[in-house]
Amino acid sequence: MLRGKNILIGISGGIAAYKTPYLVRLFKLAGADVKVILTDSASQFVSPLTLATLSENPVPSSFIKEDDQGAISWNNHVSLALWADFMVVAPATANTLSKMAHGQSDNLLLVTYLSAKCPVFIAPAMDLDMYKHKSTKESLDRLAAFGHAIIPAEEGLLASGLSGAGRMAEPEHIVAFIVNHLKGLQPLSGKRVIVTAGPTYEPIDPVRFIGNHSSGLMGYELAEYASKLGAEVVLISGPTSLVVADETIKKIGVGTAVEMNKAVLAYFEASDIFIGAAAVADYRPTHVYDQKIKKESLANPNIELIKNPDIIAGLGKIRRHQFLLGFALETQDVLNNGTKKLQSKNLDAIVLNSLEDSGAGFGHKTNKVQFLSKKNGLKSFPLKSKKAVAIDIWNEILKEL
Ligand code: PMT
């Protein structure tokens, strides 16, 4: 959610300012670009140098700046505000809250806030009775009415020695609050999505297996984009070398089709959308040898196979509200074979890809697909990166929903 976001942190002068370097660090670790502005009194509590080092950006605190030659220029609060995808005022003292609520602009933080068109998150911090005071409550109500998100202060020991509500939310809680809030604005917010990806490996003996060329990339891109759209994502992956960058995705690694089926069934009931992008082996060896088979030991090296469960067809039988999207990897007669799979497996839609198209299917970072929907018919897409294909597929699913 925060990867690539421009986050502007405004720090006002309260003791909780000492926690803000950690907040900067959490945002940076999440892949965001962070800029910080301080009020003069905040710089008594936390060093601008620490914040500049951690944010990897200069930290302005006044309207003007002076370069090495003594030349004076202004800190452009308007461009700073326009740069931000969102602004976080943390800690927001009673003084800063009141000034924000009433349009006062006597420091750089306040003028930047007044110039900001982006979402604003406010984490108040002050002593117990100040937090309870009607005037603070009035400021917070007014700021909430402006459409800003208030991150509630937490309870605990306060700098005065008193104990109660007024502590700035812990940095981890501020990050979690913002992520949840941003997710709430997303089209898949509140939806649970399962994506299967990669091949399955069906063991013959401890060394050999029956598998296929799926790299998992198509499924991983679908999972990552679902998460960007706000979904809670479970990615059930066969053996691949891919890693999931998005830590909110729950990845479950499996080996065989039977293991994949078991993992899918554990999450299916509570899910809303299922996408079967995995290349599941249709058959597995009837017998798995305990030891490596020696060349000499088999006079007639035939491997007897039995059918694996058809995972998505099984879901087609037990589905209730869930949306089911399958894939069909074909080598010929794509539309005919895909249509049969769509109907026989009781799916809502199926993505067709064919090894006849160069750059499509597995073994490539690209794919060329057709989206065949029971409701909306067929839509064809040109060859694109699998990341771009995942976006096209999600756009089609959103239309279906
Ligand atoms: O992983 P990549 O290298 O990025 O490649 C992507 C891909 C080519 C693997 C992907 O785009 C794709 O087409 N996945 C489905 C491949 C496949 O197994 O197709 P199928 O036509 O055999 O299966 C049809 C559908 O039934 C699929 O949704 C499949 O997941 C599902 N199935 C199949 C067999 C089985 N036993 N259980 C299943 O659930």
Side-chain angles (χ1 to χ4, degrees), residues 194-202 210-225 235-242 244 254-265 267-268 273-284 305-319 322-372 381 383-390 392-394 396-397:
I194 304 174
V195 180
T196 64
T200 63
Y201 284 0
E202 309 299 333
I210 297 172
N212 59 65
H213 297 296
S214 171
S215 64
L217 186 60
M218 192 66 256
Y220 277 58
E221 294 291 6
L222 283 160
E224 299 238 356
Y225 197 66
L235 171 64
I236 300 172
S237 172
T240 79
S241 58
L242 298 178
V244 194
V254 295
T256 64
V258 169
E259 286 166 13
M260 185 173 275
N261 193 36
K262 196 169 161 211
V264 166
L265 289 175
Y267 288 92
F268 185 67
I273 300 167
F274 175 87
I275 302 180
V280 186
D282 288 316
Y283 297 94
R284 67 179 185 275
L305 302 174
I306 50 168
K307 255 194 165 169
N308 266 329
D310 188 321
I311 301 170
I312 207 165
L315 301 181
K317 291 189 183 121
I318 60 168
R319 60 182 292 181
Q322 291 90 351
F323 181 87
L324 291 188
L325 176 72
F327 268 73
L329 179 63
E330 303 297 338
T331 52
Q332 57 182 342
D333 210 0
V334 183
L335 190 53
N336 238 328
N337 288 329
T339 308
K340 277 187 202 147
K341 284 178 187 171
L342 174 72
Q343 284 160 355
S344 66
K345 299 186 186 216
N346 191 23
L347 310 178
D348 294 291
I350 193 158
V351 175
L352 316 175
N353 47 188
S354 168
L355 294 181
E356 283 177 312
D357 292 320
S358 64
F362 35 48
H364 311 281
K365 292 205 162 132
T366 51
N367 206 357
K368 184 172 176 225
V369 303
Q370 293 179 290
F371 190 93
L372 176 62
F381 296 90
L383 186 75
K384 294 181 180 186
S385 70
K386 282 183 176 162
K387 195 179 272 305
V389 171
D392 287 339
I393 292 173
W394 272 113
E396 292 309 307
I397 298 174

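These figures come from a predicted structure and were not determined experimentally. In each ligand, atom 1 is the first atom listed, and ligand 1 is the first ligand listed.
Considering backbone and side-chain N/O of Gly198, none are found under 3.5 Å from N/O of ligand 1.
Phe274 is listed as a side-chain neighbour of Val264, based on a closest heavy-atom distance under 4.5 Å.
The proximity of Pro309 to ligand 1, defined as any non-hydrogen pair under 4.0 Å, is limited to the backbone. Of all the heavy atoms of Ala277, the ones lying under 4.0 Å from any atom of ligand 1 belong exclusively to the backbone. Heavy atoms of Asn308 found under 4.0 angstrom from ligand 1: none, in either backbone or side chain. At a heavy-atom cutoff of 4.0 Å, ligand 1 is contacted by no atom of His364, backbone or side chain.
Below 4.0 Å from some heavy atom of Gly216 lie the following atoms of ligand 1, by number and element: 1 (O), 2 (P), 3 (O).
Of the options Leu329, Asn353, Leu217, the smallest heavy-atom separation from atom 10 (C) of ligand 1 is shown by Asn353.
Using a 4.0 angstrom heavy-atom cutoff, Ala257 does not count as in contact with ligand 1. At a 4.0 Å cut-off, at least one heavy atom of Asp310 sits close enough to ligand 1 to count as contact. Ligand 1 does not have Met260 within reach: every non-hydrogen atom of the residue lies 4.0 Å or more from it.
Taking atom 6 (C) of ligand 1 as the reference point, the nearest protein heavy-atom neighbour is Met218 CB, 3.6 Å.
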